[in-house]
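A short worksheet on the structure shown next.
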Amino acid sequence: MWSSEQSDLEMTEALVRDAAWLPQPTTVFRNRVLTTVAQQQKQARWWERCQYAASLVIAASLLWFLPGMMQTLQEGRPTAVVTTERPDSVPTVKPWTLIDDYEWGLVQAALAKQSHSAGLIHGLL
Amino acid sequence: MDESSPALWAEEIAGCASGIAKGDPSALERLFDRAAPRLLRYGLTLVRRREDAEDAVQAALVRLTRSPQTLDAVQFPWAYLLRMVRNEALRILARRRPVMALWDDLTGRTTGPNAIELAERDAEVQAALRRLPADQAEVVILKIWEGMTFQEIATVTGESLNTVASRYRYALTKLQSTLRRVAIEVGYVVE
C-alpha cells in the first residue's frame with residue numbers, strides 16, 4: 001500500500017516492477033536457434049580446418065623448396081630456365097683479331113683514365 | 001519471472017560466456033534457456049513483433065557463436081548481449097517497416113484469487129509501455145525489469161548518461177499519468 005506521501009514516480013516504478021513479465025520462448029524457436037547455431041559452429045570448424053590445411057601446405061612447400069633454393073643461390077648457379085632456343089642457333093665465339101686487340105687497348109685506356117679521375121675526386125672528398 | 005538479483009544474474013551470464021569461449025557445447029543451451037525470455041522481452045520492446053524479436057535474438061546468438069571469445073572478454077557480458085540484440089533489432093527495423101502489433105498476451109501468467117485483477121493491471125502496464133516511444137520504453141524496461149544502472153543502460157543503448165536519465169524521467173512522467181487510475185484501483189495509491 002502506497003500512501004499519498006510517497007512520490008508518484010516511486011509508485012509508478014513499483015507498479016511497473018510488479019507487472020514485469022517474461023515471454024517464454026517456444027520449443028520451435030529454441031530448436032531453430034540451437035540448430036542454426038550448431039550449423040554455424042560446424043561451418044566455422046570446417047573453415048578453420050581448411051585454413052589449417054592450407055597453412056600446412058604452404059609451410060611444407062617452403063620447407064621443401066627453400067633449402068634447394070638457398071643452396072643454388074650460395075653456389076651462384078643460375079636457376080634453370082626453360083628456353084625454346086636450339087643449340088645450333090646460339091652464336092659461336094669468333095677468333096681474336098688485331099682489330100679486337102686495338103679496341104681492347106682503347107677500352108683499357110678509357111678505364112685507366114676513369115679510374116685516375118675517380119681517384120682524384122675521392123682524394124678531394 | 002526471473003528473481004535473480006542483477007549481480008547474480010551478471011555472474012550467471014558471465015559463467016555461460018566463459019563456457020562458450022571454452023567451446024563447451026552445453027553453454028549456449030544454458031545461456032539460451034536462462035536468457036532467451038529476457039532477451040525476447042527486450043527485443044519485443046524495440047521491434048514490437050514476436051517474430052521480429054525472435055529473429056533478433058537468433059541473429060545475436062548466431063553472431064555470438066562466430067566470435068565466442070568476445071562475450072567472455074567484455075566487462076559487462078549481459079549489457080553486451082542486450083546490445084547485440086538491440087543492434088539486430090535495429091537492423092530488422094531498418095529492413096522492415098515497424099508494425100505496431102500486440103506484445104505477448106498474459107494468458108496463464110498469474111494464478112491465485114486476484115489473478116484477474118493482477119492480469120488486468122499487467123495488461124494496463126503493458127499497454128502503457130506500448131504507447132511510449134520505443135527509446136523511452138527500452139530505458140524503463142532496462143532500468144526497472146533488468147535492474148540496470150543508468151551507466152549500464154548507456155552502455156547498451158550507446159547514448160549519454162544524461163540522455164538515458166532524461167528518457168527515463170519522461171517515460172515515468174507519462175506512465176504516471178497513464179497508470180494513475182490503475183494504481184488507485186489496485187491499491188498502490190490512496191486517494
Side-chain angles (χ1 to χ4, degrees), chain A residues 1-70, chain B residues 1-2 23 25 28-29 32-33 36-41 43-44 50-51 53-54 57-59 61-66 68 103-104 106 109-110 118 121-126 128-129 140-141 143-147 169 171-180 182-183 186-191:
Chain A
M1 179 78 70
W2 288 79
S3 71
S4 53
E5 290 170 7
Q6 286 170 299
S7 94
D8 283 349
L9 288 183
E10 281 177 357
M11 176 272 297
T12 311
E13 275 184 338
L15 188 59
V16 174
R17 187 176 298 112
D18 291 348
W21 61 284
L22 277 176
Q24 288 309 310
T26 59
T27 315
V28 175
F29 172 54
R30 184 182 188 276
N31 291 342
R32 194 182 77 199
V33 171
L34 294 179
T35 310
T36 313
V37 164
Q39 278 172 354
Q40 289 285 332
Q41 282 174 332
K42 201 174 166 186
Q43 277 178 8
R45 275 197 296 272
W46 183 82
W47 179 238
E48 268 174 27
R49 280 190 200 129
C50 282
Q51 284 177 319
Y52 181 67
S55 309
L56 277 182
V57 168
I58 292 169
S61 309
L62 282 173
L63 287 174
W64 184 260
F65 291 111
L66 209 59
M69 197 182 289
M70 290 301 293
Chain B
M1 179 64 198
D2 200 308
L28 196 90
E29 271 188 56
F32 182 92
D33 291 337
R38 292 168 79 154
L39 292 175
L40 263 181
R41 178 174 68 187
L44 269 168
R50 173 91 187 196
E51 312 86 72
E54 286 184 352
V57 172
Q58 179 176 332
L61 291 178
V62 168
R63 200 172 283 272
L64 178 65
T65 55
R66 285 188 194 141
W103 287 8
D104 273 15
L106 300 161
R109 207 166 58 75
T110 47
L118 288 177
R121 175 204 66 183
D122 294 355
E124 292 271 4
V125 172
Q126 269 196 59
L129 282 170
V140 170
I141 282 164
K143 178 77 182 150
I144 299 181
W145 289 353
E146 292 299 338
R169 190 85 187 169
L172 273 198
T173 310
K174 283 181 196 170
L175 287 174
Q176 185 189 326
S177 59
T178 319
L179 297 173
R180 183 152 185 86
V182 183
V186 184
Y188 277 78
V189 71
V190 179
E191 273 187 303

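Letters A, B, ... are given to chains in the order of the sequence lines, protein chains preceding strands, and every chain is numbered from 1.
- Counting non-hydrogen atoms of other residues, nucleotides and ligands closer than 6.0 Å to CZ of R17(A) gives a total above 12.
- Put simply, CZ on R50(B) and CG on L40(B) are 5.0 Å apart, with the number rounded to the nearest 0.5 Å.
- Residue contact with chain A, scored on non-hydrogen atoms closer than 4.5 Å, involves the backbone and the side chain of V62(B) alike.
- Residues F32(B) and P37(B) share a closest heavy-atom pair of O-CD, 4.1 Å.
- Residues satisfying the salt bridge (Lys or Arg N to Asp or Glu O under 4.0 Å) criterion with E146(B), sequence neighbours excluded, are R38(B), R41(B).
- A search for side-chain contact (heavy atoms from CB on, under 4.5 Å) contacts involving A128(B) returns R131(B), L175(B), T178(B), L179(B), not counting sequence neighbours.
- Of all residues spanning residues 40-56 of chain A, those with a heavy atom less than 4.5 Å away from chain B's heavy atoms are Q40(A), Q41(A), arranged by number.
- Of the inter-residue distances, the one linking L15(A) atom CG with E13(A) atom CD reads 11.0 Å to the nearest 0.5 angstrom.
- Interface residues of residues 28-39 of chain A toward chain B, defined by a heavy-atom distance below 4.5 Å and sorted by number: F29(A), R30(A), R32(A), V33(A), L34(A), T36(A), V37(A).
- Here V125(B) is the residue among V125(B), V57(B), V140(B), T173(B) with the most heavy-atom pairs under 4.5 Å with chain A.
- Rounded to the nearest 0.5 angstrom, L44(B) CG and L129(B) CG are separated by 12.0 Å.
- Within the model, atoms CG of L64(B) and CZ of R66(B) stand 11.0 Å from one another, a figure rounded to the nearest 0.5 Å.
- For the pair W21(A) (side chain) and A123(B) (backbone), a donor-acceptor distance under 3.5 Å is absent.
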